[in-house]
Structures are given as C-alpha cells and as structure tokens.
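The structure appears below as structure tokens.
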Amino acid sequence: MSKALKTTDVIVVGAGMAGLTAARELNKAGISTVILDKRRAPGGRMATRTIDGARFDHGAQHFSARSEQFTSRVDELRNAGVVSEWYRADSRTTPGRLRESRFVGSGGMRRIPEHLANDLDVQTSVTVDKLIRDAAGITAVTGDIALARGSAIVLTPPVPQLLNLLRASNLLPGSSILDPLESVPYNPSLAVMATLDAPSGLPDGHLAEPSADVAWIADNQHKGTSQLPALTIHSTADFASAHVGSDWSGWTKHLADQVAPMLDGRIVHTVGHRWMYAEPRTTFDSGAIVLESDKPIVLAGEVFAGAKVEGAFLSGLAAANAILERSKPPGT
Ligand SMILES: Cc1cc2nc3c(=O)[nH]c(=O)nc-3n(C[C@H](O)[C@H](O)[C@H](O)COP(=O)(O)OP(=O)(O)OC[C@H]3O[C@@H](n4cnc5c(N)ncnc54)[C@H](O)[C@@H]3O)c2cc1C
C-alpha cells in the first residue's frame, strides 16, 4: 500500500467475509471506509491458491445459507455468477436440515471476497500492530507508520489476534465486557494441497472423515475450482493440535499417505498450509461488540454470530448497523 495516511470515516481491519460485508454496508449508506489486511489478497479464510496451474480451496470448503439475510445475499451472488451450488446433503450437525445446499465460489472460494472487494478501498500486505485513539480520531499504525485515520474502527481478526491488538494499543477496557473472549479456544487445521496425475475418482467429489487423522478431502476439479486434478486434504483438529508446530514435510506426507489408497489419480506434488485459527470452539450471538466511546471500536467476525462463512457475514452486517445507529442524528 502507499505510505500516505488515508483518512476515512471508518477503518476496517480484515478483508475476510466479515470486514468486506461491514465495509460494503457502510459504503452503501454513504460512509467511507478503508480496509487494511495483512495478507496479499482479500478473503481471509476464504482462500484459493494456484500451484502449477492446479487450483485449491485450502480454507473454507463450502457454506450453507440459513438466515433470510444471508440467503438473499447468496441469491444475488448466484445471479451475478459468483456463487454456485456444489451439492446438497442433510446437515450433520443440525437435525432436520435435509438436502441443504452447499455453495461454493464459482472458480474458487476466493472469487467471493474478490467480488465483494470490488469498488472498496482495500489495502493489502499491511499488518495493523497498534491503534491510537485520541482527539483526532482512531489511527491504525504499522511499526511507526500511520496507515489510516477514521472516527470509528471495525476489527475482524480472530479473537486472540484481536485481543493482542487491543492490548498492544492499551485499549482493553477495564470492565469485564471482554472477559468471555479471553478464553475462546480455536481449533487449528492443517491443509494439504495435493496435485494428482489423473482425476481423483471420488464419486461425490468429497469425503468426510475418510481416515483417522483426516477430517475432509475435496476434489477441486469436481467443485469447478480447478481445471486440473487437485485435492485438498484437511486434518482433524486433534492431529493439527499435535503437529501444527512441527516441520510441514512430515505431516504433509502423513496426511497424503492416508488418503492415497482412496484415489484413482496418483498424488504427484504436495504443499502444506497451517491455519492457526481455523474455527472457534465457542461462539456468541451478539453479532458484534461495541467498545463505547464517541470513536467506537467495533469487534466483529464469525465468532460473534455463530461461526462459519454465514456467521462472518451476519457479524459484518451487525458491525455496520452498530456504526450506522450511532451516526444517526438523535431522535431519528
Ligand atoms: C480449514 C478451514 C475450513 C473451513 N471450512 C469451512 C466450511 O466448510 N464452511 C464454512 O462456512 N466455513 C468454513 N471455515 C470457516 C470460515 O472460513 C470462516 O468462518 C470465515 O471465513 C471467517 O471470516 P472472518 O471475516 O470472520 O475472518 P477471516 O476470514 O479470518 O478474516 C480476518 C482477516 O483479518 C486479517 N488480519 C488479522 N490480523 C490482522 C492485522 N493485525 N492487520 C491486518 N489484517 C489482519 C486476516 O489476514 C484476515 O484476512 C473454514 C475455515 C478453515 C480455516
């Protein structure tokens, strides 16, 4: 990003589903935003990577839509050709949800955040490591460089990173409002992106819990993400917890060896990716948390609205609404 200080109404930290949704809602209401993200591209955990022409979704695999708000947004995205239905299945976690649609980004999950980022001011490859709140507003800082200044900020990193940022900025409130967040555990996940020399032959393009240490495998060719045979392997949370700190070549080979006998194509190349904060094990239903002041700090992200892609979307909406409520003239 350019090093010139950006001035805006609202700074958003994080260009995942929550941050992009919040920024879009605010922009729609005439409120300017600047989104800052430490990664090279928007999307956060909705991530797609290309390796030697094969494309892999290595974060979120698919999503469902249950709320009215998210269903109508997904319909819009389907009409725009950005989202497609991959398959339908009964929910494994919520009884009674039969033949539920599983949606994916058309051509890869990252297509969705890329689409949502259109027309937004998204600055990538910048890590916000401190916030300064003073009479001039809230300033997001990296090192000794002021990146952006606004009169409110929405923070969407996973909770441990979010609390670290507030702590480093001396902005943790003295009250107990954030105590429940201090103990939010996250499951890590290890992902293996495996290129095959022929199609996988998986009849439904995916398998849940195919072996002891593997939670899920998905055929990216079957999904429409990749033209070439490309398999994503996700470890179980237990395996990831035990191996997340060890050298990637060991766990990559171990996970690939467990699934190789199930495939028609042979695995010819593997690349590993560590997700330190794949999914929270506790969630809240507040939508977003506002640290009150005339320059509000709004905490948002999947964890505040039931997790997953849909939770991130709903939390982004809640964060935008919280700011819009506070910007209304009294009595309206
Ligand atoms: C392996 C895996 C599989 C999953 N499978 C599914 C699935 O099948 N279905 C489903 O619905 N969900 C799934 N999820 C969960 C889903 O991806 C997330 O719930 C959702 O994408 C979270 O969105 P978010 O905007 O809240 O957070 P994120 O997407 O994590 O966005 C937060 C952003 O903040 C940025 N950031 C963090 N700290 C800073 C900083 N200091 N400065 C600047 N930027 C910062 C990060 O780079 C990131 O882009 C999966 C996740 C993983 C990892």
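For ligands, and for the atoms within them, numbers begin at 1 and follow the listed sequence. Just the heavy atoms: all of them, side chains too, but no hydrogens, waters or symmetry mates, feed the values below.
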Ring centres under 6.0 angstrom apart (Phe313, Phe63): no

Residues lining ligand 1 [heavy-atom distance under 4.0 Å, listed by chain and residue number]: Val13, Gly14, Gly16, Met17, Ala18, Leu36, Asp37, Lys38, Arg39, Gly43, Gly44, Arg45, Met46, Gly59, Ala60, Gln61, His62, Phe63, Val126, Thr127, Val128, Thr156, Pro157, Gln161, Ser189, His234, Trp275, Ala278, Gly301, Glu302, Lys308, Val309, Ala312

Glu100 bridged to Arg102 by N-O distance under 4.0 Å: yes

Candidates Val122, Leu20, Val82 - the one meeting side-chain contact (heavy atoms from CB on, under 4.5 Å) with Leu116: Leu20

Partners meeting side-chain contact (heavy atoms from CB on, under 4.5 Å) with Arg326 (sequence neighbours left out): Val290, Glu292, Pro296, Ala322

Parallel, tilted or perpendicular: rings of Tyr87 and His206 (30°, 60°): parallel

Plane angle bin for Trp275 and His273 - parallel if under 30°, tilted between 30 and 60°, otherwise perpendicular: tilted

